[in-house]
Amino acid sequence: MTNKAKEQAEERNIAAAAKCREGHSFPPKLTGWELYKSLGSPKHVVAPMVDQSELAWRILSRRYNADLCYTPMFNAKLFAKEEKYREEHWTGLKQGLGSGGPNDRPLVVQFCANDPEYLLQAALMVAPYCDAIDINLGCPQHIARRGHYGSFLMEDWPLIASLISTLHKHLPIPVTAKIRVFPEVEKTIEYAKMVVEAGAQILVVHGRLREMKGHLTGIADWEKIRLVQEAVSHQVPVIANGNILYYEDVARCLEKTGCAGVMSAEGNLYNPAIFTPGHPEAWKLAEEYLTICNEVDTKLAYIRGHLFKIFRPALNIYTDMRAELGMSSSLEKMWDVTRRMKDLLIRDAETSRMNGESFEGRVDDKGYPILPHWLSQPYFRPPLAEPKAKQPNSETADSTATSAKRTADESAHRDDDGDAASVKTGTPSTQQKKVKKTKVLPNLCHNPGCLNTFSAKCSHQRCKNCCRHHQQETNTFDCEPHVIRVLKAQQQEQPPVSEQKLDLPRVDSQEAIGAVALEGMVSPTPPLTDSLDSINSKHERCTIL
């Protein structure tokens with residue numbers, strides 16, 4: 001950007017900030033520890049989670065001792081440019097309404113961005129209705145790589161400094177940041193110092209590397225968080241993020257890291273009462289959440305996703321209820337599933353009590369509590385299956401000794417995965433020949449507008465999801481290749497589809513810009529039946545941010 005362009009951008013930023021101040025009154029802008037104290041010195045913080053930390057969920061979390069909540073991550077450029085996007089993610093903003101009003105405070109709004117001007121424009125729109133603006137520097141998902149935001153800005157320190165300093169200079173409320181760590185401790189500390197010096201007034205440190213996500217999430221490094229806290233806590237408070245699975249982990253994390261507070265994402269999703277001692281019954285949390293959703297307009301996709309996580313241990317047992325929850329297309333149907341789950345879980349708890357079962361003090365081989373399926377509890381990802389070793393046949397066995405004697409030049413020719421690549425040495429007869437794979441042109445699904453390929457044996461010549469909807473529309477049920485049998489059972493209980501008004505869940509535009517499981521969000525376990533593949537793909541994301 002030329003000097004003239006920078007000057008013009010600065011003039012626009014000054015004008016936008018002045019216009020915001022004219023229309024609203026703001027208290028004195030606080031920094032560092034003064035800001036932290038004004039927020040009530042929060043120790044229990046609910047993380048920003050895409051499609052998961054919406055208003056209804058924040059209300060529920062605050063009832064169970066959450067001191068500070070973050071909104072889901074918003075895309076700053078879309079928020080600044082598209083009115084439809086703003087209305088979808090901040091109802092009433094056009095009318096000058098806060099997300100949840102005074103009962104939804106203190107509140108931090110998080111944006112992902114790579115353009116300082118768009119970031120400021122978006123932040124100014126919500127500044128009157130929140131206490132701080134947070135910049136997402138920790139999202140590790142592939143959509144963040146493509147969009148060049150989140151943790152994929154970690155190597156672009158000048159851009160990060162520009163994003164933070166622009167808000168710090170022009171925004172009438174403070175700016176904060178959420179980061180991940182580098183493999184090197186020294187680089188992590190220098191990175192944190194740079195973020196603070198640029199103007200971040202609270203620093204959230206997620207103690208995982210950018211590569212640690214999904215099944216590779218692993219354990220967050222509290223020691224790195226502690227070292228960052230020691231390096232910058234004289235300027236700003238540091239909040240630790242990672243490894244908060246149980247209420248007891250909160251105190252352990254505060255002791256080990258010395259941080260001012262802890263942030264929970266994944267732990268909060270599976271137990272919104274994680275900041276309260278004990279393990280409440282899952283059905284009680286589900287009913288309380290749905291009661292809030294009766295009063296607060298909440299997207300069905302969000303509600304369904306939360307119920308899947310609250311009931312996860314029980315749904316692994318009652319798989320038929322899992323299918324019904326996935327097919328629920330209204331709040332009333334979700335209430336019905338919840339009430340039936342309640343009856344089943346109460347029955348199981350009573351049977352267990354009568355049988356003399358006790359879970360008190362029971363732990364697994366890693367020391368984690370063993371809890372019954374009717375109680376809320378964290379989710380542990382199953383370990384990845386180890387790749388099966390190839391059994392050498394008689395021909396390859398004889399060549400083992402020869403391959404071990406390859407020259408240094410030959411062994412240097414390796415591909416990115418560390419496997420031996422084709423080496424052009426020796427006679428043509430000894431060279432490894434690559435077999436060209438025949439390209440097969442895909443057969444597109446016969447559903448108009450769908451770009452997926454149809455399943456080879458599907459009689460309707462559609463992909464699995466379109467096959468299901470086609471059967472609903474044509475009142476023709478069962479597709480053996482797709483193992484779809486749930487719809488036939490529904491047909492026996494419900495009137496024909498032609499007499500029903502289908503209210504299928506609408507795809508949220510946030511998914512279009514990033515189906516991101518903000519840090520700490522989890523990857524789903526494989527579905528228990530093949531018929532649930534398409535149902536669960538939208539509603540079991542998981543990640544942290």
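Computed over heavy atoms, backbone and side chain alike; hydrogens, waters and symmetry mates excluded. In this text, all values refer to a predicted model and were calculated from it rather than measured experimentally.
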*Evaluate the side chain to side chain donor-acceptor pair (under 3.5 Å) criterion for residues Tyr64 and Glu288: first the C-alpha distance (whole Å), next the side-chain angles of each, then the deciding distance (0.1 Å), finally the verdict.*
CA-CA 12 Å; Tyr64 290 94; Glu288 189 169 1; 2.6 Å; yes

*Keeping the roles fixed (side chain from Arg180, backbone from Ser151), state whether a donor-acceptor pair exists under 3.5 Å.*
no

*Would you find a donor on one side and an acceptor on the other, under 3.5 Å apart, between the side chain of Asn136 and the backbone of Gly138?*
yes

_With sequence neighbours excluded, residues passing salt bridge (charged side-chain N to carboxylate O under 4.0 Å, His left out) with Glu281_ = Lys284

*Counting only heavy atoms not in Glu350, do more than 12 fall under 6.0 Å of its CD?*
yes

*asked:* Is there a side-chain contact between Ile135 and Val175 in this structure, where contact means two heavy atoms from C-beta onward sitting under 4.5 Å apart?
replied: yes

*Quick check: does any side chain N or O of Gln377 sit under 3.5 Å from a backbone N or O of Pro372, one acting as donor and the other as acceptor?*
yes

*asked:* Within the structure provided, determine whether Pro378 and Tyr246 are in side-chain contact (heavy-atom separation under 4.5 Å).
replied: yes

*Parallel, tilted or perpendicular, as decided by the 30° and 60° cut-offs, for the rings of Phe74 and Phe79*: parallel

*Check whether any side-chain heavy atom of Glu54 sits under 4.5 Å from a side-chain heavy atom of His306, and report yes or no.*
yes

*Anything under 30° is parallel, anything over 60° is perpendicular, the rest tilted; go ahead and classify Trp90 against Tyr129.*
tilted

*Verify the neighbour count for atom CZ of Arg145: are there more than 12 heavy atoms of other residues, nucleotides or ligands below 6.0 Å?*
no

_Could you work out, with salt bridge (charged side-chain N to carboxylate O under 4.0 Å, His left out) as the rule, every residue matching Asp249, not counting sequence neighbours?_
Arg252

Which donor-acceptor pairs under 3.5 Å do side chains of residues 38-49 form with protein atoms, sequence neighbours excluded?
residue	atom	partner	partner atom	Å
Ser38	OG	Leu35	O	2.6
His44	ND1	Asn65	O	3.0

*Mind checking the CD1-OH spacing from Ile59 to Tyr289? Nearest 0.5 Å is all I need.*
10.0 Å

*With no hydrogens and no angle check, do the side chains of Asp343 and Trp283 hold a donor and an acceptor under 3.5 Å apart?*
no

*asked:* Donor-acceptor check, side chain of Thr257 to backbone of Cys259, threshold 3.5 angstrom: yes or no?
replied: yes

*Near Asp297 CG, under 6.0 Å, is it more than 12 heavy atoms from other residues, nucleotides or ligands?*
no

*Check step by step if ring pair (Phe, Tyr, Trp, His ring centres under 6.0 Å) holds for Phe311 and Tyr318.*
CA-CA 10 Å; Phe311 283 127; Tyr318 298 107; over 10 Å; no

*Output yes when a side-chain donor or acceptor of Asn355 lies under 3.5 Å from a complementary backbone atom of Thr351, and no otherwise.*
yes

_If you compare all heavy atoms of Thr298 against all heavy atoms of Cys293, which two are closest, and at what distance to 0.1 Å?_
OG1-SG, 3.9 Å

*Where is the tightest heavy-atom contact between Ala260 and Tyr36, given as atom of each residue plus distance?*
O-OH, 2.8 Å

_Sub-4.5 Å side-chain heavy-atom contact between Ser376 and Ile310_ = no

*Testing Lys256, Arg208, Glu266 for side chain to side chain donor-acceptor pair (under 3.5 Å) with Asn243, which one passes?*
Arg208

*So, are Arg340 and Glu324 salt-bridged, with charged N and O less than 4.0 Å apart?*
yes

_Side chains of His373 and Asp348, donor plus acceptor under 3.5 Å_ = yes

_Least distance between heavy atoms, Thr217 atom then Met212 atom_ = O-CE, 2.8 Å

_Electrostatic pair Arg62-Asp67, nearest N-O below 4.0 angstrom_ = no

_Test item: side-chain donor near acceptor, Lys178 and Asn241, under 3.5 Å_ = yes

*Sidechain N-carboxylate O distance under 4.0 Å for Arg339, Glu287*: no

_Test your reading of the model: is there a side-chain donor-acceptor pair from Arg58 to the backbone of Ser53, 3.5 Å cut-off?_
yes

*When you look at Phe308 and Leu315, which way does the side chain to side chain contact (heavy atoms under 4.5 Å, CB included) test go after all the steps?*
CA-CA 8 Å; Phe308 268 120; Leu315 291 175; 3.7 Å; yes

*Using modelled atom types only, decide if a donor and an acceptor are shared between the side chain of Thr71 and the backbone of Gln110 within a distance under 3.5 Å.*
yes

*Would the Tyr270 and Tyr379 ring centres measure less than 6.0 Å apart?*
yes

